[in-house]
Enquirer: 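Okay, here's the structure, questions in a sec.
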Amino acid sequence: MIKIEVNMELCQHYGQCVFEAPNLFSLNDDDKLEYHAEADDSERDNVEAAVDICPMQAIRIVE
Ligand code: SF4
């Protein structure tokens, strides 16, 4: 199990993470980010890709 944290003070809701890990990140009807705080280990590569691509460095994996 992976735990994910997004710093919503930093997040600008651009949605790059949504492309990298669509099972975990989405933009709601108001174009605000929503995400799952816990993910299966099988999502690790996708979450790491989201961490790397986030222009605000707002996503982190909590080990
Ligand atoms: S990529 Fe980063 S800034 Fe963009 S929506 Fe995701 S967490 Fe927010």
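Atom set for the values below is all heavy atoms of this structure, side chains included, hydrogens, waters and symmetry mates excluded. Order of listing sets the numbers, starting from 1, for every ligand and every atom in it.
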Enquirer: Test side-chain contact (heavy atoms from CB on, under 4.5 Å) on Leu33 and Tyr14; report intermediate values, then the result.
Expert: CA-CA 8 Å; Leu33 179 70; Tyr14 298 136; over 6 Å; no

Enquirer: Are Val18 and Leu24 co-members of a hydrophobic cluster defined by side-chain heavy atoms under 4.5 Å apart?
Expert: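 Hydrophobic grouping puts Leu24 with Val18.
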
Enquirer: Is the contact between Met56 and ligand 1 made by the side chain, the backbone, both, or neither, using heavy atoms and a 4.0 Å cut-off?
Expert: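 For Met56, only side-chain atoms sit under 4.0 Å from ligand 1.
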
Enquirer: Suppose we only count N/O/S atoms under 2.8 Å; would Cys17 qualify as near atom 6 (Fe) of ligand 1?
Expert: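 True for Cys17.
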
Enquirer: Between the main-chain N or O of Val6 and the side-chain N or O of Tyr35, is there a donor-acceptor pair closer than 3.5 Å?
Expert: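 Flag set: sc Tyr35 to bb Val6 pair under 3.5 Å.
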
Enquirer: Is there a path from Ile61 to Leu10 through hydrophobic residues (I, L, V, M, F, W, Y) whose side chains come within less than 4.5 Å of each other?
Expert: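 Result: no, two separate clusters.
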
Enquirer: What atoms of ligand 1 come closer than 4.0 angstrom to any heavy atom of Gly15?
Expert: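 Those qualifying, in numeric order: 4 (Fe), 5 (S).
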
Enquirer: With heavy atoms of Cys11 as the reference, note each atom of ligand 1 found under 4.0 Å away.
Expert: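 Near Cys11, meaning under 4.0 Å from one of its heavy atoms, ligand 1 has 3 (S), 5 (S), 7 (S), 8 (Fe).
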
Enquirer: Side chains of Glu34 and Asn28: any donor to acceptor distance under 3.5 Å?
Expert: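 Indeed, the side chains of Asn28 and Glu34 share at least one donor-acceptor pair under 3.5 Å.
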
Enquirer: Ignoring hydrogens, just give me the one of Asp31, Ile59, Leu27 whose non-hydrogen atom is nearest atom 7 (S) of ligand 1.
Expert: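 Nearest heavy atom to atom 7 (S) of ligand 1 lies in Ile59.
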
Enquirer: Hydrophobic clustering (ILVMFWY, side-chain heavy atoms < 4.5 Å, transitive) - are Ile59 and Leu27 grouped together?
Expert: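 Yes, it is one cluster - the side chains of Leu27 and Ile59 are joined through contacts under 4.5 Å.
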
Enquirer: Give me the nearest non-hydrogen protein atom to atom 2 (Fe) of ligand 1 as residue plus atom name, then the distance to 0.1 Å.
Expert: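 For atom 2 (Fe) of ligand 1, the nearest protein heavy atom is Cys54 SG, 2.3 Å.
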
Enquirer: Is there an N/O/S atom in His13 that lies less than 2.8 Å from atom 2 (Fe) of ligand 1?
Expert: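 For His13, the answer is no, given that no N, O or S atom comes within less than 2.8 Å of atom 2 (Fe) of ligand 1.
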
Enquirer: In terms of residue, atom name and distance, what is the protein heavy atom nearest to atom 3 (S) of ligand 1?
Expert: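 Checked against all protein heavy atoms, atom 3 (S) of ligand 1 sits closest to Gln12 N, 3.4 Å.
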
